[in-house]
Every structure is written in C-alpha cells, then in structure tokens.
Amino acid sequence: MVYTLPKLNFEYNSLEPFMDAQTVQIHHSKHHQTYTDKLNEAVSKHPELFKKKPEELLKNNLALVPEDIKTAVRNHGGGYWNHCFFWEILAPGKQTPSEKFKKIIEKEFESFDKFKEQFSNAALTQFGSGWAWLVLTPEKKLKIYNLPNQDSPISKGDIPLLTIDVWEHAYYLKYQNKRVEFIANFWNIINWKKVEELYKSAIK
Ligand SMILES: [Fe+2]
C-alpha cells in the first residue's frame, strides 16, 4: 500500500465564505499532497511498513517506526493523518450538534459556550504552527489541548474527535494575521454528525 491523498467530501468552494476556495484548494492539493509524498518517501525506506495504516505508525509515540525515519513519519505521517481527519470533520451547511451531544459537552465543560471558548483559546494560543484538539482520553474523558507542528493525539494514546489546523497555510490568504477571526468562523463549518459518530465509537 502506498498512501494516497483522499478526495474531499465537498467542493473546494463549499466552505465559503468561512474558508475560501483558494485556501482549501492549495491546502488540499499542495500541502496535504506534500505530506503524502514525503510520508511515502520515508516509508519506502522500510517498505514492510506500507502494510500499516498511518494511525498505526503514529500510535504509542511511533513505537513501530524505525529510528532513521521516525522524525519524518512524525512530521509527514502526522501531517498526512491530521489533514485526512481535518477534511472529515469539516462540512458546509452550518450544522449544529444534536441536543444529546450538546449535553455530553455541557457535562464536561460546564456549558457549550465554555467548551467553545476553551477550544478556541487552545487554537489561538498555539504558538506558531500546530493544531487544537478535542479528544477522548483512555479514561474516557473529553479533553482539549493544542499540539505543535504535526504532532498527533494518536501518539499520546488519545482518540481525536475534533480539530482545527492553525498553521498559517490554513488561513493566511483570507485572514492574514487574524487567526482569531478564522477560529471564530470555524464554528460554521464543523461536521457535527461526524464528530458525534467518532465520539460514539470512541466511548464504546
Ligand atoms: Fe494544514
């Protein structure tokens, strides 16, 4: 198996005006493609690893991955998987979470607004490039944190449920230095149906 760039479930312009078509196109067809190519390049040094799914390479702090390609797989395998996940949790149409899922969030974070605030703050305060995450921990607790570069919650043993890419390539063309506006608009393009599915399967 060679890792391939996934097709998007939406058109490049579907997330307008919150995420502009040009950004989505470059993000997917250039940045994500480069992570894909560089992951393949690294793994081709140990081709038996192509049998593994990217998430299997990343888990347990990349325990399966030989030392000579570990940094490349952390960066490009992380970049490959994180972006595959990101496209899955985005959707046009201004979805809202179900009442049931809202209650689960409220139980953990006091209120839905506090959850939004905490997640947005994790995204805003990630210094430099990285991602903010909502995850389910092995103790089945919902948790929010940010991680630098292309580090993945999978490597820490957590199950990702929601994420936002705050690398400048994710927003700079439309928002320039205004990361805060990009984050505020992100709430309009979340695929809550997918997030809830992920939660249901993670909590089992
Ligand atoms: Fe990105």
Side-chain angles (χ1 to χ4, degrees), residues 2-43 53-55 57-59 62 70-92 119-135 144-156 158-192 194-195 198:
V2 172
Y3 306 110
T4 55
L5 184 70
K7 285 207 165 60
L8 300 186
N9 295 321
F10 45 81
E11 302 298 322
Y12 285 142
N13 65 0
S14 300
L15 305 176
E16 293 268 10
F18 310 112
M19 203 180 271
D20 62 294
Q22 194 187 12
T23 296
V24 178
Q25 182 180 5
I26 294 172
H27 201 168
H28 176 253
S29 70
K30 305 290 185 200
H31 292 279
H32 196 180
Q33 182 68 61
T34 302
Y35 290 117
T36 309
D37 295 344
K38 291 198 169 174
L39 172 62
N40 283 321
E41 196 182 302
V43 173
K53 291 178 183 166
E55 54 270 41
L57 300 179
L58 296 172
K59 71 179 186 189
L62 297 97
K70 205 166 259 198
T71 300
V73 173
R74 181 185 303 278
N75 292 335
H76 304 299
Y80 175 76
W81 192 92
N82 291 347
H83 286 89
C84 291
F85 183 81
F86 187 49
W87 306 128
E88 289 284 319
I89 59 86
L90 294 178
F119 186 88
S120 299
N121 199 43
L124 187 63
T125 58
Q126 169 55 42
F127 182 73
S129 299
W131 301 68
W133 297 92
L134 170 70
V135 301
I144 289 169
Y145 53 73
N146 51 32
L147 291 176
N149 305 315
Q150 297 296 354
D151 288 359
S152 174
I154 295 174
S155 302
K156 294 152 60 77
D158 295 333
I159 301 175
L161 304 177
L162 178 68
T163 193
I164 180 170
D165 184 349
V166 289
W167 281 61
E168 282 187 346
H169 67 229
Y171 62 87
Y172 203 84
L173 286 177
K174 180 177 170 74
Y175 294 95
Q176 293 86 46
N177 61 323
K178 299 183 283 285
R179 188 190 282 191
V180 69
E181 276 181 32
F182 166 65
I183 296 165
N185 276 337
F186 170 74
W187 297 99
N188 294 298
I189 50 171
I190 295 176
N191 184 347
W192 285 110
K194 180 72 188 177
V195 175
L198 290 165

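What you see is a predicted model; the values in this text were computed from it and never measured. When a ligand or atom number is given, it counts from 1 through the structure's own listing order.
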Taking ring-ring contact (aromatic ring centres under 6.0 Å, His included) as the criterion, tell me which of His32, His28, His31 meets it with His83.
His32
side-chain contact (heavy atoms from CB on, under 4.5 Å) assessment of Phe85 paired with Glu55
CA-CA 11 Å; Phe85 183 81; Glu55 54 270 41; over 6 Å; no
Value rounded to 0.5 Å, distance of CG in Leu162 from CZ in Phe86
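Answer rounded to 0.5 Å: 9.5 Å.
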Return the set of residues passing side-chain contact (heavy atoms from CB on, under 4.5 Å) with Lys59 (not counting sequence neighbours), or none when no residue passes.
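Lys59 satisfies side-chain contact (heavy atoms from CB on, under 4.5 Å) with Ile154 only.
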Report, as yes or no, whether the 6.0 Å neighbourhood of atom NZ on Lys38 holds more than 12 heavy atoms from other residues, nucleotides or ligands.
no
Mind checking how many protein N/O/S atoms fall short of 2.8 Å from the Fe ion (ligand 1)?
4
Could you check, using the six-membered ring where one of them is a Trp, whether Phe119 and Trp187 have ring centers closer than 6.0 angstrom?
yes
